[in-house]
**Q** 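What follows is a single structure, and I will ask about it in a moment.
Chain letters run A, B, ... following the sequence lines, proteins first and then strands; every chain starts at 1.
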Amino acid sequence: TQLLEQSPQFLSIQEGENLTVYCNSSSVFSSLQWYRQEPGEGPVLLVTVVTGGEVKKLKRLTFQFGDARKDSSLHITAAQPGDTGLYLCAGERGNQGGKLIFGQGTELSVKP
Amino acid sequence: DVKVTQSSRYLVKRTGEKVFLECVQDMDHENMFWYRQDPGLGLRLIYFSYDVKMKEKGDIPEGYSVSREKKERFSLILESASTNQTSMYLCASSSRSLGRVRPGANVLTFGAGSRLTVL
């Protein structure tokens with residue numbers, strides 16, 4: 001059973017388009033992290049959201065944590081080829097000693 | 001530049017061989033983790049350690065063991081490699097002791113990965 005459902009799994013868009021990636025669960029998380037992974041590299045942290053309803057912006061990327069802390073979204077405005085990569089959400093459950101549960105990942109390809 | 005180093009980037013082994021994957025971090029982190037990454041499945045936790053000589057099973061420990069003799073080094077061992085262990089293996093570390101974690105503090109720093117093929 002996948003505790004964190006991430007969608008879509010694949011996304012191929014043209015440069016300049018907007019997109020949203022979703023991360024959903026029936027479980028409550030104490031925090032939600034988003035990572036980006038490029039080919040041949042390990043995932044790198046983009047942002048951590050902790051408070052229900054929290055919104056964080058990182059240039060053209062907007063991250064939101066759901067009010068009930070069960071879901072999160074990543075919105076990219078005017079995508080660029082440099083945004084290409086694998087995006088992973090990861091939930092932290094307070095009673096799991098800080099272990100992270102990862103979604104399946106979203107493979108994003110932005111074509112020029 | 002702080003980092004997590006996985007010494008073997010690519011390995012090809014035969015079924016039944018013993019495989020060692022080494023991971024070293026230079027950040028003085030207490031916690032270290034081993035994940036495997038497969039398409040469509042995301043990252044799945046194999047084992048983790050929150051102190052020297054301590055280890056805890058993750059979600060998929062079967063067929064694997066680990067060793068943490070020094071704080072900076074966490075090794076993953078496949079006692080008898082099988083074809084279904086062909087995967088990308090990622091090591092990670094984090095800076096907070098699990099017993100003192102606060103929400104959002106358990107940020108992982110990953111190595112570049114070890115791609116293992118078992119024939």
**Q** So, B/D51 and B/K53, do they make that salt bridge, N to O below 4.0 Å?
**A** no
**Q** Side chain, backbone, both or neither: which part of A/L86 has an atom under 4.5 Å from a heavy atom of chain B?
**A** side chain
**Q** Using the benzene-type ring in the case of Trp, are the ring centres of B/F48 and B/F74 under 6.0 Å apart?
**A** no
**Q** Side chain, backbone, both or neither: which part of A/F10 has a non-hydrogen atom closer than 4.5 Å to chain B?
**A** neither
**Q** Among A/G40, A/P43, A/G105, A/A90, which has the most heavy-atom pairs under 4.5 Å with chain B?
**A** A/P43
**Q** Check whether B/Q6 gets within reach of chain A through its side chain, its backbone, both or neither, counting any heavy atom under 4.5 Å.
**A** neither
**Q** Using the ring centroid of each side chain, check whether A/Y35 and B/F110 are separated by less than 6.0 Å.
**A** yes
**Q** How about A/E54 and A/Q64: do any of their side-chain heavy atoms sit closer than 4.5 Å?
**A** no
**Q** Under a 4.0 Å threshold between the charged nitrogen and the carboxylate oxygen, would B/D28 count as salt-bridged to B/K71?
**A** yes
**Q** Does the side chain of B/M27 come within less than 4.5 Å of B/V4's, by heavy atoms?
**A** yes
**Q** Please classify the contact between A/Q37 and chain B as side chain, backbone, both or neither, with a heavy-atom cut-off of under 4.5 Å.
**A** side chain
**Q** Examine whether an atom of B/L45 lies under 4.5 Å from a heavy atom of chain A, and if so say whether it belongs to the side chain, the backbone or both; otherwise answer neither.
**A** side chain
**Q** Name the residue from A/L11, A/L19, A/I76 that meets the side chain to side chain contact (heavy atoms under 4.5 Å, CB included) definition with A/Y87.
**A** A/I76
**Q** Below 4.5 Å from any heavy atom of chain B, which atoms of A/E41 appear? Answer side chain, backbone, both or neither.
**A** both
**Q** Side chain of A/S25, backbone of A/S27: donor and acceptor closer than 3.5 Å?
**A** yes
**Q** Below 30° counts as parallel, above 60° as perpendicular, anything between as tilted: where do the rings of A/W34 and A/F63 land?
**A** tilted
**Q** Under 4.5 Å, heavy atom to heavy atom: which of residues 111-119 of chain B reach chain A? Give them by number, or say none.
**A** B/G111, B/A112
